[in-house]
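Encoded as structure tokens, the structure appears first; notes follow it.
One-based numbering, in listed order, for ligands and for the atoms of each. This structure is a prediction, so every number in the text was calculated from the model and none was measured.
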Amino acid sequence: MHFPKKLYQKLTQRVTQNSLRTLGEKNSLVDFSSNDYLGFAKSEVIFNKTHQFLTNNKLKVNGATGSRLLSGNHELYIIVEKQLAKLHNTETALIFNSGYDANIGFFASLPQRGDIILYDELIHASIRDGIQLSNAKSFKFKHNNIKDLKEKLLRFAQDNKSEIYVVTESVFSMDGDSPDLATMSEVINKHDNVHLIVDEAHALGVFNLGLIQELQLENSVFARIVTFGKGLGCHGAAILGSRQLQQYLINFARSFIYTTGLSPHSLATIKIAYKELIINNSQELLLQNIQHFIKESNRLQLNFIKSNSAIHCCIFSGNKHVKNIALQLQQKGFDVKPILPPTVPAHQERLRFCLHSYNSKEEITNVLENLATFV
Ligand SMILES: Cc1ncc(COP(=O)(O)O)c(C=O)c1O
């Protein structure tokens, strides 16, 4: 079978640049790489309670059977969306099949021709892809830099005919740091035509129900994206916002419309995982581990990007270099992954440590002491 030459060349280039991706196997190393921050993905309690809920409610079905606009709008969608809206202190929640779907659905459909999107230069690929599908013009601002954002706003916000959508993450996925959301929302809310959108993928469950709620900024944001595949350990995502926003997305977000809905089992898992988040003490254990990691990396004088979240990154320039250190840590029993371009900018290749409630203090000290031998 003929494989197109241009595609072959692109793969060969990845090999030459030492950046060819392959699918790894499940391993038994100490987990410093998964997004299962609270251990919910492996929680038997959540698994059993979900099973019990579905059985008690006679919901023995395997699939949604269609798009939510046709046959797929299972009654559990309504129940879970109400639960989410209440918990997240917002008018509505609209569930998407994943955070990727939520972001491309939002950014491809909301900003119109003549509108402007201002995005943090390190924004997640799912938002970039949504922006690429949009008819609006887009400009990046410097990472977490409010001064640069202000300058961009000054340039664009005077034109009252355009709407401006500003997007950031409350915890950056490949850096672990956070913007000053309070100042950002203050700057943005000076203008009627500027709207703030915050992706809370890596904050939900780590900082309770997300940083926007921790900072009581619910009424200052146009939309929040929460995803369930990380702290909640399951699957799916929701866009939180006004009733009009929900109505708009139901009508125009193509990644919402042209896809089969989630299975009732997925919805029940989201429902139970949220309940567990409120009563479970995993979050406290995670926060203690984050503090321990920060203390130990300071003691060992390791140069990590400043972060209070569950994600901690240490830059080692060069694909070969960073892959080699990751491999040596893996050989010592720690699952630490190298992050390469295009996921991060060239020359900013890094080791990304994800912390969990179930890591022990000894594991954290050990992995950092091993890392210290390479720097
Ligand atoms: C910031 C951010 N937003 C969105 C997503 C996508 O979420 P999901 O994995 O649910 O598609 C991710 C995960 O990779 C992410 O890190």
key: Proximity flag K230 to ligand 1, non-hydrogen atoms under 4.0 Å   = yes

ask   = With a 4.0 Å cut-off on heavy atoms, is G229 touching ligand 1?
value = no

Among Q216, E218, Q213, the one residue meeting side-chain hydrogen bond (donor to acceptor under 3.5 Å, both in side chains) with N89 = E218

Which ligand 1 atoms does [X] reach within 4.0 Å, using its non-hydrogen atoms?
{"X": "S173", "answer": "16 (O)"}
{"X": "G99", "answer": "6 (C), 7 (O), 8 (P), 10 (O), 11 (O)"}
{"X": "A201", "answer": "1 (C), 2 (C), 3 (N), 15 (C)"}
{"X": "N103", "answer": "3 (N), 4 (C)"}
{"X": "Y100", "answer": "6 (C), 7 (O), 8 (P), 11 (O)"}

task = Count the heavy atoms belonging to other residues, nucleotides or ligands that lie under 6.0 Å from CG of N219, then report whether that count exceeds 12.
result = no

query = Within a radius of less than 6.0 Å around OH of Y8, do more than 12 heavy atoms belonging to other residues, nucleotides or ligands occur?
reply = no

key: E81 and R68 ion-paired at < 4.0 Å   = yes

Salt-bridge present (K320, E349; N to O < 4.0 Å) = no

ask   = Looking only at N/O atoms, are T227 and ligand 1 under 3.5 Å apart anywhere?
value = no

ask   = When the aromatic ring centroids of H321 and F374 are compared, is their separation below 6.0 Å?
value = no

task = Taking the six-membered ring for Trp and the full ring for Phe, Tyr or His, determine whether the centres of F106 and F96 are under 6.0 Å apart.
result = no

note = protein heavy-atom neighbour closest to atom 16 (O) of ligand 1 works out as H202 NE2, 2.7 Å

key: Minimum-distance protein heavy atom relative to atom 5 (C) of ligand 1   = H124 CE1, 3.6 Å

task = Report yes if the side chains of F316 and L371 come closer than 4.5 Å at any heavy-atom pair, otherwise no.
result = yes

Identity of the nearest option to atom 2 (C) of ligand 1, non-hydrogen atoms only, from T343, D199, I311 = D199

